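One structure is given here, and the rest of the page talks about it.
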There are 2 protein chains.
Amino acid sequence: MGSRKTTPLKDFSLGTHRCSVDLRLEKLGMVPFFDDLDHDELRVINQKFSATHHHADETIYHQDERARMLRVVVHGAVKLVRHTMEGKDVLLDMLEPGEYFGNLSTTGNAVYSETTRAQTDVCILSTRMNDFRSLLNDYPNVAMRVLDITAERLQSSQEKIRHLTTLPVKERIAHILVMLSEKFGEQSAYGLLLQLPLSRKDLADMAGTSTETASRIMSDLQDRNIINTGRQWVAICDIDRLADIADG
Amino acid sequence: MGSRKTTPLKDFSLGTHRCSVDLRLEKLGMVPFFDDLDHDELRVINQKFSATHHHADETIYHQDERARMLRVVVHGAVKLVRHTMEGKDVLLDMLEPGEYFGNLSTTGNAVYSETTRAQTDVCILSTRMNDFRSLLNDYPNVAMRVLDITAERLQSSQEKIRHLTTLPVKERIAHILVMLSEKFGEQSAYGLLLQLPLSRKDLADMAGTSTETASRIMSDLQDRNIINTGRQWVAICDIDRLADIADG
DNA sequence: CGGTCTGTTGAAGGATTTCAACACTCGTGG
DNA sequence: CCACGAGTGTTGAAATCCTTCAACAGACCG
């Protein structure tokens with residue numbers, strides 16, 4: 001369990017890869033609002049989506065652009081960022097394969113309320129809003145699931161507000177690491193490794209603090225053998241103690 | 001324009017009042033997801049709702065209670081509060097007549113994620129989730145509107161996260177006052193008066209700060225003749241300067 | 001191997017909280 | 001009608017958490 005400093009993360013690059021139909025169907029089936037559909041229905045829906053690839057750090061769309069598409073992550077990780085006038089970014093969420101992003105609302109001239117960037121090399125399925133809207137008409141159950149999931153996201157967004165306004169930075173960071181481990185955690189020689197590149201700035205933007213403070217807290221957690229971390233990667237050694245810190 | 005200290009707020013008390021059918025229909029028609037419906041359709045929907053009255057400070061439902069009802073404000077103001085273990089509250093929103101609250105999600109055993117309390121004497125229309133769900137099946141357009149509005153609330157919740165993480169307290173409070181004035185502002189001798197009782201603690205819980213800091217900032221704004229304020233009330237004298245403060 | 005990006009650490013300064021004491025408003029009951 | 005008490009708001013001073021500035025160290029890339 002040496003304190004290795006070079007990245008233990010797996011390789012996300014896609015090369016000249018093209019998503020197979022099977023992979024597309026599998027990932028579409030993982031999207032929570034399609035999970036009631038059978039294989040044939042998924043095939044119909046699949047035809048409405050087109051796949052694109054993006055390299056790490058590439059912007060998929062910008063905040064304030066006209067919002068025309070609904071997208072689904074097939075491979076890799078995508079981050080949602082809100083910009084401020086002063087140049088400070090707020091990192092709202094990290095998405096894993098099977099999660100959707102983009103515009104859900106059916107109103108005509110909406111704009112994206114956040115920028116989305118590829119955190120690794122990614123493969124994305126996209127569909128035009130109009131197609132998605134008619135899809136909701138054809139499959140009322142899907143429409144209900146979409147509503148449920150949006151309501152759930154609203155809940156978790158409000159829970160985030162509670163954290164940001166009531167907890168000190170150390171607890172917020174501990175909480176964020178626990179959340180990320182549920183999405184991206186994979187057992188490894190270094191502990192529960194978060195399978196995505198994650199910088200101190202990313203953590204800071206999620207916790208609403210400065211990179212320096214994030215760095216200090218991560219150093220402290222490492223000194224206490226709770227985590228193991230290096231450039232752009234984090235592994236959790238002692239999830240229980242981390243969870244204890246997260247709630248006071 | 002004397003700096004009166006006694007409350008200039010109007011009387012919200014209901015006495016032995018019972019909501020007339022006309023008032024109920026009017027307020028239901030103001031709910032954003034019912035606004036496409038004609039008068040006859042509203043009459044049908046109205047029959048699914050039952051009215052209740054609550055005195056100021058009464059709790060309508062508690063966080064973590066089993067979530068069975070969807071509710072609509074007919075008269076008065078309702079506040080949404082999330083509690084923390086440490087006893088700190090986070091005030092998520094203040095609702096005016098025509099706004100809905102409670103449970104939207106159609107999943108069976110959800111619990112309320114916040115406590116709601118009557119900010120004034122209030123009249124509330126309630127319907128059981130099952131009835132609302134079948135209503136969404138009968139009126140697909142309403143279902144679409146519900147989705148849009150939930151997505152909108154998600155947006156504004158994320159915008160709130162941006163404020164909380166990037167702006168200093170003074171700007172956050174200025175912003176909150178501007179928002180509240182759009183909902184509750186009424187012209188009066190004291191300026192644009194917020195027509196609801198609003199304590200320093202309410203403001204602090206909205207801005208994620210302490211009552212003392214909220215008080216200091218309000219005093220400062222009053223000294224600069226931007227607002228006019230007393231016990232449980234706030235009027236805005238110079239909305240332009242307040243808006244300037246709100247965005248740096 | 002040098003440059004650049006990322007992470008670390010120290011020290012000073014600032015914003016906000018906390019603790020504490022006091023002032024004002026309002027409702028209630030004598 | 002007035003006095004009292006509880007709830008609400010104000011203000012000061014000390015303490016704390018966090019940011020900012022600055023310098024440096026380690027990792028990655030060509």
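Order of the sequence lines fixes the chain letters, A, B, ..., with proteins taken first and strands second; residue numbering starts at 1 for each chain. Everything numeric here is computed off the predicted structure, so don't read it as measured data.
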Residues that Phe184(B) engages under ring-ring contact (aromatic ring centres under 6.0 Å, His included), provided they are two or more places apart: none
Helix axis bend for the helix from dG14(C)-dC17(D) to dG30(C)-dC1(D) - C1'-based end axes, five pairs, 10° rounding: 20°
Whole-Å distance separating the CG atom of Leu203(A) from the C1' atom of dT6(C): 13 Å
Backbone N/O of Tyr112(B) and side chain of Glu65(B): donor-acceptor pair under 3.5 Å: no
Closest approach of Arg224(B) to Arg241(B) (non-hydrogen atoms, all atoms of both residues): O-NH2, 2.7 Å
Among Arg71(B), Glu114(B), Arg117(B), the one residue meeting side chain to side chain donor-acceptor pair (under 3.5 Å) with Tyr61(B): Glu114(B)
Non-neighbouring partners of His54(A) that pass ring-ring contact (aromatic ring centres under 6.0 Å, His included), sequence neighbours left out: none
Lys160(B) side chain vs Ile161(A) backbone, donor-acceptor pair below 3.5 Å: no
Protein proximity profile, nucleotides 3-12 of chain D - base contact B, sugar-phosphate-only contact S, no contact -, cut-off 4.0 Å on heavy atoms: ----BSSBBB
Any donor-acceptor N/O pair, His75(B) side chain to Phe12(B) backbone, under 3.5 Å: yes
Test item: Gln195(A) side-chain N/O and Lys10(A) main-chain N/O as donor-acceptor pair under 3.5 Å: yes
Partner set under ring-ring contact (aromatic ring centres under 6.0 Å, His included) for Phe49(B), not counting sequence neighbours: none
Side chain Gln63(B), main chain His83(B), donor-acceptor under 3.5 Å: yes
Neighbours of DNA chain D within residues 159-179 of chain A, by heavy-atom distance under 4.0 Å: Pro168(A), Val169(A)
Atom pair distance, as rounded to whole Å: CD1 in Ile217(A) and P in dG7(C): 15 Å
Whole-Å distance separating the CG atom of Asp220(A) from the P atom of dC18(D): 12 Å
